[in-house]
Asks: 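One structure follows; several queries about it will come next.
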Amino acid sequence: MNHVTVTLPDGSTKQVESGAPAKAVAEAISPRLADAALAAVVGDRMVDLGYPLTQDAPVRIVTNKSPEALELYRHSTAHLLAAAVTNLFPRVQCGIGPPIDDGFFYDFVVERPFVPEDLQAIEAKMKELASQDLPYQRQMWPRQEAIDFFTKRGEPLKVQLIEEKAAGQAEVSVYTIKDKDTFVDFCVGPHVPSTSKLKAFKLTTTSNAYWKGDAKNQPMQRVYGTAFFSQKELDEHLTRLEEAKKRDHRKVGRELGLFTFHPWAPGAGFWLGKGTTLYNTLADYMRGRLNSAGYDEVKTPIVYNKALWELSGHWSHYRENMFLVQSADGDEMGLKAMNCPGQYLLFASEKHSYKEMPIRYAEQTPLHRNEASGVLAGLTRVRQFSQDDGHCFVMEDQIASEVEALLRLIQGIYADFGLSYSAKLSTRPEKFIGEVATWDHAEASLKQALEKAGQDYWINAGDGAFYGPKIDFDITDAIGRKWQCGTIQLDYVAPERFQLEYVGADNAVHRPIVIHRAIFGSLERFIAILIEHFAGAFPLWLAPVQAIVLPIADRHQDYARDVVATLEAAGLKVELDDRQEKVNYKIREAQLQKIPYMLVVGDREAADRAVAVRSRAKGDLGARALDQFLSDALAEVRSKALS
RNA sequence: GCCGAUGUAGCUCAGUUGGCAGAGCGCGUCCUUGGUAAGGACGAGGUCACCGGUUCAAUCCCGGUCAUCGGCUCCA
C-alpha cells in the first residue's frame, strides 16, 4: 500500500494512504477535529475534505477558527440558498453566488421579483435542507457533458460561465446537493462537507442586479443573506445592523435639527442653524490646522469656460458628471466638480521661485457633481458639497518630507475625533503615464514618509491612479464600519498639462509635482460619519449646542438670561429653555437633543451665582459656581475631550 | 440612469374591499410656577407627493412624473 506523508502546521507529520481524503488527516489527529473540520488547505490551496491526497504536502485542517473559514461557510450558504430557490421555483436560472464582506448573495433570473414572503419561504426551505444533512458532492464532469447538462436544464448563464471560465479545460468541477431534486452548480469550490454544518444564516434583502454587474445585460434578482458559525454571532450582527439604523445620520440629523432636504434640490442639504454651526466648527477647525501647517486658504471660481475642462481632461472623461450652464454670451461653461484645475490656474498666475516651495493651497469652496439620481444617499453621496481640499506644489526631493508632515497632520486630526484608521499605499497600475523610474522614486518616497511618520500601512499593488501613486485612509467608526476619507495622491501629469513652473536655484525653469490631499474628504460626508460615529452625542468641542440653561420657574428667568450671556460672552454655544414647562420635561428634551450640559437654575443657584450641572452622560453633578463651570467647560473644549 | 419598494399633518405612523381624513408627539392659547427623562384643558394644522385616466364619486383602481429607501463593485 502506498502512503503519502503530510506535514501539519506544528511541523509534525502523519502518514495516510495514498488517495485517502483530506478528512483522513483530521481523523488521524482526533475525532473532535474530524467533526469540526470544514475543509482543508493542501499546499496553498483550500480544498474539500473529500480531496484525495496523492502526494506529500503540508496539510492544514480548516475549522471555524480558521481565517478563511467564514468565506467558505458563506459561499456554501449561498449554494444552499440557490438549492432552496431551485427547489421552490423550478424554472429559475442561477447566476453567481459569492461570499461578500457581510454575508453572501446569489443572483437569479426569475419570472417575477421576489417579495418578502418569498424570502421567508426560501429561508425556511434552506433550514429544512440544512437539517437534512445533505452532502456537498464535488464531481469532475467532462466539459461538454456539463455544457449539455446545463443547456438541457435551461441554464444558459451557467453554460456561458463554463465557456468563459473553463475555456480549454477538459473537465469542470460541479457541486451537487441531492434533495428531492438534485441541485447542480458549476463551482470551483471548496465547500463545507454537508448542509448540516450551516447553523446560523438569515436572508436579509432582495434587490435588482445585472448579469455580470453590467446594466446592459440581463436584469436579475439578487438575494442577500448573511451567515455566521453560531446563532449568537448572527444575532450580534443583526443587532449591529439595528444599531446602524438607529444612528443613521438622516434620522439623527432630522431629530437634532441639523439639516433637511427638499425634492427641488435633490442631493443637496439644507443646513439649519445647528447644522450650520456644526459645519462651521469643522470647517474652522480644519482651517486652523491647515493654516498652522503652512497652507494658504484660497478661493477659486465655481463656473469655468469649457476650455479649462478640455485642458484638464474632464471634458472628455467626466462631462456626464458635470453640471453644464451657458453664459449670457452663449459660451459653454461647467460647474467645477474638483478644485484642482482652478488652483493650477491660480498657481500659474504668478512666477514662483524654488525658495517658496512647497506652495500649499487649501480650499473649501463648494463643488458640484451631477451624480445619477439613483446613487444619491443622505449626506454621504450628494451633488453639492465642499471638500477640505488642498494641493501642495513640491519639488521632487520634497515629496518624502511633505508627505511625512501630511501623515503627522492626519494622525493628529483623526485622533482629535477619536477615530482609528488604516492607511493603504496604492502603487503603479498597469495603465500609467510617465517613466517607470519616476514611479519607483515616487513610491519609494511615499514608503519612506510612511515609515518615518511611524504610520502602519498595507500595499494595494497596482491600484494607484494613472497619474501617480497614492495613500488612502480608511477610518473605522464606533460600530466597526469603514469609510474612506483621507487621501494623498501624487500627480506628475497635471503639472505637465498646465505647464506649471518654478524657477530653480540654477535659474532654469522646472516642473513641480502636485500632491492632491484631503483629510475629511467631503465635509458633508464627514459630518454624516461623525453623526453615526457619535450617534449624535457630539463631544463638547463639536456640539452645536454645548449647554442649555433650564430655569425652574418664571422668577428665575432673569438670572437664567444672565447665565446664558456670561457663557456666550466666553465663547460657549448656549441655549435657554424659557418655556413654561417643568424641569423634568425640559431635561428630557435636552437629553434627547444630546446636549452635553444642562444647567438647572432656581432660587439656590440665583442666590449663589451658581448652576446645577447635569451631564448628558453622567447625570446630575450637583451645583457649582458659574465661573467654575465656565472654566471647566472651556478647558474641556480646548482639550477636545471625547467624552 | 436601471430594478424593486415607498410617499397620508412639522415628526412617527394608522386608515379607507372607491362615499365628510385619524392617533401620538410637536405647535398655539389658557390653567399650573414646578428641583434632574413627559402636569392639565382647549385649539389650529391636510390639494392623502405631483399630473393625467377610469368612475355618479378617487387618498384608495390604472398610467405617467418627481422624490426617498434598498440594491446595481465583490466573479465558477
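First the proteins, then the strands, lettered A, B, ... as listed; each starts at 1. Below, all heavy atoms of this structure are taken into account, side chains as well, without hydrogens, waters or symmetry copies.
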Asks: Using a cut-off of less than 4.0 Å, is there contact between a side-chain N or O of Tyr585(A) and OP1 or OP2 of G26(B)?
Replies: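 Affirmative; the distance criterion is met.
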
Asks: With a non-hydrogen cut-off below 4.0 angstrom, is Ala612(A) in contact with a base, only sugar-phosphate, or nothing?
Replies: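 Touches a base.
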
Asks: Which whole-number value in Å describes the distance from His262(A) NE2 to A49(B) C1'?
Replies: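 From His262(A) NE2 to A49(B) C1': 11 Å.
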
Asks: Does Glu581(A) pair with Arg579(A) as a salt bridge, N-O distance under 4.0 Å?
Replies: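 No, no charged N to carboxylate O under 4.0 Å.
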
Asks: Could you identify the nucleotide paired to G24(B), looking across every strand shown and requiring Watson-Crick or G-U wobble geometry with both distances under 3.5 Å?
Replies: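 Paired with C11(B).
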
Asks: Before accepting this row, confirm whether a basic side-chain N of the pair Asp558(A)/Arg561(A) lies closer than 4.0 Å to the acidic partner's carboxylate O.
Replies: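 So Asp558(A) pairs with Arg561(A) through a salt bridge.
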
Asks: If you only use heavy atoms from C-beta on, which nucleotide in G35(B), U33(B), G70(B) is closest to the side chain of Gln580(A)?
Replies: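 In terms of side-chain proximity for Gln580(A), the closest of G35(B), U33(B), G70(B) is U33(B).
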
Asks: When you measure from the side-chain N and O atoms of Arg222(A) to the phosphate of G70(B), is any distance below 4.0 Å, counting only OP1 and OP2?
Replies: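 No, because none of the side-chain N or O atoms of Arg222(A) sits under 4.0 Å from OP1 or OP2 of G70(B).
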
Asks: Report the glycosidic orientation of C20(B): syn if within 90° of 0, anti in every other case.
Replies: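 It is syn.
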
Asks: I'd like to know if Asp463(A) pairs up with Lys470(A) as an ion pair, taking the criterion as any Lys NZ or Arg NE/NH1/NH2 lying under 4.0 Å from an Asp or Glu carboxylate oxygen.
Replies: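 Here Asp463(A) does not pair with Lys470(A) in a salt bridge, since their nearest N and O are not under 4.0 Å apart.
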
Asks: What is the nucleic acid contact for Gly622(A), judged by heavy atoms within less than 4.0 Å: base, sugar-phosphate only, or nothing?
Replies: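 Answer is nothing: Gly622(A) stays at 4.0 Å or more from every strand.
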
Asks: Nearest whole angstrom, please: distance from the P of C3(B) to the NZ of Lys212(A).
Replies: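 Those two atoms, NZ and P, are 22 Å apart.
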
Asks: State the pairing partner of U17(B); accept Watson-Crick or G-U wobble contacts with both distances under 3.5 Å, and report none otherwise.
Replies: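 Partner of U17(B): none found under 3.5 Å.
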
Asks: Tell me, please, which residues at least two apart from Gln593(A) pass side chain to side chain contact (heavy atoms under 4.5 Å, CB included).
Replies: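 With sequence neighbours excluded, Gln593(A) shows a side chain to side chain contact (heavy atoms under 4.5 Å, CB included) to Leu256(A), Lys274(A), Ile595(A), given in chain and number order.
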
